Amino acid sequence: MPPTGPLAEHPLLWNLNPPQQEAVLHAEGPLLILAGAGSGKTTVITRRVAWLIEEQGVSPGSILAMTFTNKAAEEMRDRVQRLVGVPVEQLWVSTFHSFCTRILRRDGDRTPVGRDFVIFDPSDQRSLMKRVLAELKLPERQFHPKKVLEFISDFKNRCLLPAEARAEALDAWTARAVDAYALYQEGLRNHRACDFDDLLLFTERLFREPAIQEHYGQRFRYILVDEYQDTNRAQYLLVQHLARHRNLCVVGDEDQSIYGWRGADIRNILDFQRDFPEARQIKLEQNYRSTQAILDAASTVIANNSQRIGKTLWTDLGHGERITFKLADEGRLEAEWVVQRVLDERARFPEGRLAVLYRANWQSRQLEEALRAANLPYRLVGGVKFYERAEVKDLIAYLRLISNPFDLVSFRRAVSTPSRGVGPTTLARIEAAIPEEGTPLEGVASLLGRGELKGRAQRELKGFLDLFSRAGAELKALGLPGLLRWVLHESGYLQALEEEGTLEAEGRMRNLEEFLSAAAEAEGMGLRLPEFLDRITLAADADEVDEAAQLSLMTIHCAKGLEFPAVFLVGMEEDVFPNRNARETEEGLEEERRLFYVAITRAQRKLFLSAARRRRIMGSEVLGMPSRFLRELPPEALETPIRWGTELHREGLGIQSPGRPPRGSDGASVASELHRIRGFFDRVRAAQGRPPETPRVESSQEEGGDGAWPAGTRVLSPRFGRGIVTASTGRGEGLTYTIRFEGGEKRILARFGMLERDPG
DNA sequence: CGTGTGTAGCTTTTT
DNA sequence: GCTACACACG
């Protein structure tokens with residue numbers, strides 16, 4: 001219960017509402033904090049940690065706090081440090097992945113990964129997987145490396161090694177994929193490498209050992225897990241092993257669980273009370289971030305989900321401005337509208353930070369183009385990551401090889417950049433020459449020793465070998481940035497870049513310089529080479545968010561946990577948001593809806609939504625349909641009702657249009673189109689008990705006169721039967737429809753398809 | 001062996 | 001629209 005009297009005056013309780021105070025004061029035993037968006041979660045967590053240290057006399061070293069991003073971890077540590085008098089270096093605040101790295105670097109020799117390993121990023125994983133698939137003679141057409149890796153990741157997230165996964169291999173594809181899994185693990189071990197999932201998986205294995213569990217269980221008397229709704233099975237088990245004192249405090253919000261595709265299991269939070277029947281549950285429902293209009297929209301939307309514990313956000317910030325929705329005729333125009341409204345907002349609130357959010361990274365391109373054209377500076381988060389750029393990865397390959405000579409993937413990369421006259425043939429010979437339990441460099445050495453190489457390859461490989469034999473001493477002498485400079489020089493990388501002399505090469509040099517300063521910074525923090533490499537690969541998009549930026553562009557996933565006075569959410573179309581791949585299952589849709597919820601609740605004062613009737617996706621023109629989520633918004637939260645340009649065909653809502661398939665470029669089809677739109681939205685309004693809008697002529701740029709049937713048109717095909725047009729590309733002879741039939745989607749050339757419009 | 005060109009295939013979301 | 005890969009050429 002919230003304290004009264006002198007306790008309420010305690011500085012760590014200042015400005016906290018009763019449930020928040022209760023969460024801070026909770027003493028021993030499990031605690032579930034259901035923290036709604038904007039409910040002051042971080043304040044509560046940090047004050048709780050501070051309270052434990054200051055008032056309960058808990059030593060910082062026996063508190064472990066887990067987060068998902070480095071940024072969250074750093075913020076938590078900073079804020080706790082500012083609250084308490086004693087130094088908090090001993091406090092363990094880290095991401096799951098860096099926690100596991102730390103554990104494995106200490107006790108990893110009890111696991112197959114050992115203590116010295118590199119962490120493979122997705123591109124390293126991919127090259128290893130490609131070799132595995134080639135070795136197993138599995139065609140990449142059926143065994144797409146990325147697909148197989150996702151499949152493996154799924155097993156790892158559920159803590160299943162190949163032997164255990166075998167039991168689930170009921171069909172031929174799965175059986176072969178499990179073979180690939182087994183060989184992939186072998187490959188990782190040979191490289192002295194592990195992937196992201198291995199970090200969790202093997203740490204969990206390690207914690208199954210009673211002695212280890214005892215040790216760390218004793219050490220961490222208080223455990224705190226942030227974003228608990230995003231934990232996967234491995235993380236869940238890890239926490240269970242550690243929480244021996246049952247002083248486990250988990251914080252989360254089931255409505256913001258958006259990482260199911262990465263193995264996160266929403267049931268972890270839904271079932272916390274079952275796991276810990278004695279757990280205290282506290283809901284933080286007062287929102288300090290957004291206006292009532294925004295919260296109403298968010299609450300109404302999320303109420304459509306079934307997988308909930310349930311909370312109701314409220315605020316005393318007042319109703320605020322209603323949500324603005326803009327329907328543009330085309331993607332580029334949508335982007336230009338955003339630019340215009342950004343300028344308007346700037347004029348009204350010069351200091352207000354703005355964010356443009358989208359479902360997938362590809363959507364940033366058009367926005368960037370429009371922003372550049374308008375000379376508006378912006379900050380893009382995510383997309384192609386800095387450490388994934390070719391030149392940076394090249395240099396990293398050298399560093400990795402210095403740090404871990406067993407890394408064949410990095411060897412292959414380093415040895416062929418800059419070009420040394422080593423092609424597939426020489427490479428194969430080198431690999432064949434690698435001694436058992438030996439390194440690629442030893443392979444090169446033995447080949448050279450036997451005098452089996454000549455000409456350019458011989459000369460260059462000697463130098464290459466020489467570089468690595470000296471690297472250790474150079475690192476000692478020059479330090480991290482110095483070593484980098486030395487490598488760039490000695491390897492001939494810099495020279496090759498200079499000789500190129502292109503503008504592009506100049507850009508790459510700038511990136512390398514930036515990388516050099518990152519290394520200098522790391523050295524300043526006392527990091528050594530292996531730690532620096534860990535840090536690079538474990539760095540997340542979210543870590544590089546600049547919260548002070550005036551205008552930020554990012555995915556909704558990246559925006560989780562952030563807030564902005566005004567938010568633009570673009571691309572509100574079916575198949576974009578909700579994403580096309582998520583629409584088949586109910587769980588998929590609920591996760592998309594949570595994503596929408598997250599997006600809405602980022603806005604403090606004003607939310608803009610937008611969509612485009614038409615947009616280019618993967619090079620072809622796609623006619624969009626309104627996102628189903630738009631219909632879930634409460635009409636009174638919107639500035640103006642939502643209108644569209646094509647029918648929304650949902651079972652029971654499909655509307656027959658009169659009229660004929662458009663053939664010419666006259667305006668008749670446009671008119672019938674508009675007729676249908678109004679029909680649809682009037683129906684929606686009628687269902688909401690509101691009168692139909694008076695007709696209003698929308699701008700009639702749609703269809704562009706190419707005479708294609710619009711998306712949503714029902715058609716009959718002699719081959720496939722009834723279907724619905726979902727997109728069209730090309731024109732004239734090349735006009736192609738994408739049509740959804742009962743049995744799946746097909747692309748059909750209009751000229752040959754003998755398609756008819758379906759009358760009934 | 002390395003480089004340039006054509007083309008298929010694809011984009012969720014990320015530690 | 002982009003990229004990553006296969007193939008042809010110098």
Side-chain angles (χ1 to χ4, degrees), chain A residues 66-73 94-101 119-123 125-127 130 140-141 144-147 150 153 156-157 194-200 227 230-232 234-235 257-264 331 357-366 369 381-385 387-388 390 416-427 455-457 460 496 500 534-544 554-560 571 575-583 588 591-592 594-596 598-599 615-622 729 747:
Chain A
M66 300 280 220
T67 63
F68 276 83
T69 65
N70 298 301
K71 185 162 166 278
S94 72
T95 67
F96 275 100
H97 292 271
S98 28
F99 173 80
C100 291
T101 307
I119 304 169
F120 267 15
D121 71 16
S123 71
Q125 293 182 47
R126 188 164 165 277
S127 27
K130 288 180 76 112
E140 289 200 11
R141 285 303 282 262
H144 199 67
K146 228 179 98 192
K147 254 262 138 58
E150 272 168 24
S153 176
K156 291 189 173 183
N157 287 154
C194 64
D195 62 19
F196 289 137
D197 299 325
D198 276 353
L199 294 171
L200 302 177
E227 309 279 17
D230 290 331
T231 49
N232 62 32
Q235 289 158 332
S257 163
I258 55 175
Y259 285 105
W261 50 273
R262 207 171 68 188
L357 308 183
Y358 35 81
R359 175 66 238 266
N361 278 311
W362 59 265
Q363 297 179 66
S364 71
R365 208 194 73 246
Q366 254 181 346
E369 280 166 8
V381 183
V384 218
K385 281 159 223 127
Y387 294 118
E388 280 167 24
S416 39
T417 39
S419 105
R420 293 192 169 81
V422 174
T425 324
T426 318
L427 212 47
R456 182 169 170 218
E460 300 251 29
E500 212 179 305
D534 287 350
R535 202 183 161 81
I536 288 169
T537 20
L538 294 178
D541 283 343
D543 298 337
E544 52 178 81
M554 64 186 96
T555 63
I556 304 168
H557 282 91
C558 249
K560 192 163 89 151
D575 290 355
V576 175
F577 192 27
N579 187 278
R580 154 184 259 284
N581 305 298
R583 71 175 173 205
E591 182 150 316
E592 294 288 299
R594 290 192 289 267
L595 206 46
F596 187 35
V598 168
R615 72 167 74 243
R616 293 200 140 261
I617 297 178
M618 281 196 270
S620 59
E621 192 92 322
V622 176
T729 64
R747 282 169 62 79

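Source: prediction; values computed, not measured. By convention in this document, chain letters (A, B, ...) are assigned in the order of the sequence lines, proteins followed by strands, and residues within each chain are numbered from 1.
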> Which residues pass the side-chain contact (heavy atoms from CB on, under 4.5 Å) test with A/E460, sequence neighbours left out?
Replying inline: A/R420, A/R456
> Got a sec, which residues hit salt bridge (charged side-chain N to carboxylate O under 4.0 Å, His left out) with A/E227, two or more places apart in sequence or on another chain?
Replying inline: A/K41, A/K560
> Across the strands shown, which category fits A/K560 at heavy-atom distances under 4.0 angstrom: base, sugar-phosphate, nothing?
Replying inline: nothing
> In terms of the nearest nucleotide of DNA chain B, which residue is placed more toward the 5' end: A/R365 or A/F96?
Replying inline: A/R365
> Within the structure shown, what part of the strands sits under 4.0 Å from A/N361 by heavy-atom distance: base, sugar-phosphate, or nothing?
Replying inline: sugar-phosphate
> So what does A/V576 hit on the nucleic acid, given a heavy-atom distance under 4.0 Å: a base, only sugar-phosphate, or nothing?
Replying inline: nothing
> Is any NZ, NE, NH1 or NH2 atom of the basic residue among A/R583 and A/E592 found under 4.0 Å from an Asp or Glu carboxylate oxygen of the other?
Replying inline: no
>> Between A/E591 and A/G260 (side chain of the first, backbone of the second, donor and acceptor by atom type, cut-off under 3.5 Å), is there such a pair?
In response: yes
> Reading DNA chain B 5' to 3', which nucleotide is the first, and which the last, to come under 4.0 Å of any heavy atom in chain A?
Replying inline: B/dC1 to B/dT15
> Does A/K130 have any salt bridge (charged side-chain N to carboxylate O under 4.0 Å, His left out) partners at least two apart in sequence or in another chain, and if so, which?
Replying inline: A/E140
> Base, backbone or nothing for each nucleotide of nucleotides 3-10 of chain C, written B, S, -, heavy atoms under 4.0 angstrom, 5' to 3'?
Replying inline: -SS-----
> Does the A/N70 side chain pair with the main chain of A/L538, one donor and one acceptor, at a distance under 3.5 Å?
Replying inline: yes
> Checking all strands, does A/T426 fall into the base, sugar-phosphate, or nothing category for heavy-atom contacts under 4.0 angstrom?
Replying inline: sugar-phosphate
> Which value, in whole Å, describes the distance between the P atoms of nucleotides C/dA4 and B/dT13?
Replying inline: 15 Å
>> I'd like to know if the side chain of A/R359 reaches the main chain of A/V576, judged simply by a donor and an acceptor atom lying under 3.5 Å from each other, with no hydrogens or angles considered.
In response: no
>> For a quick check of understanding: with a heavy-atom distance under 4.0 Å over all strands, which category does A/R420 fall into, base, sugar-phosphate or nothing?
In response: sugar-phosphate
> With sequence neighbours left out, what residues match A/R126 under salt bridge (charged side-chain N to carboxylate O under 4.0 Å, His left out)?
Replying inline: none
>> Parallel, tilted or perpendicular: which one describes the rings of A/H97 and A/F196, with boundaries at 30° and 60°?
In response: perpendicular
>> Base, sugar-phosphate or nothing for A/T537? Non-hydrogen atoms, less than 4.0 Å.
In response: nothing
>> Just to be sure I understand the rule, does A/F68 reach a base, reach only the sugar-phosphate, or reach nothing, if contact means heavy atoms closer than 4.0 Å?
In response: sugar-phosphate
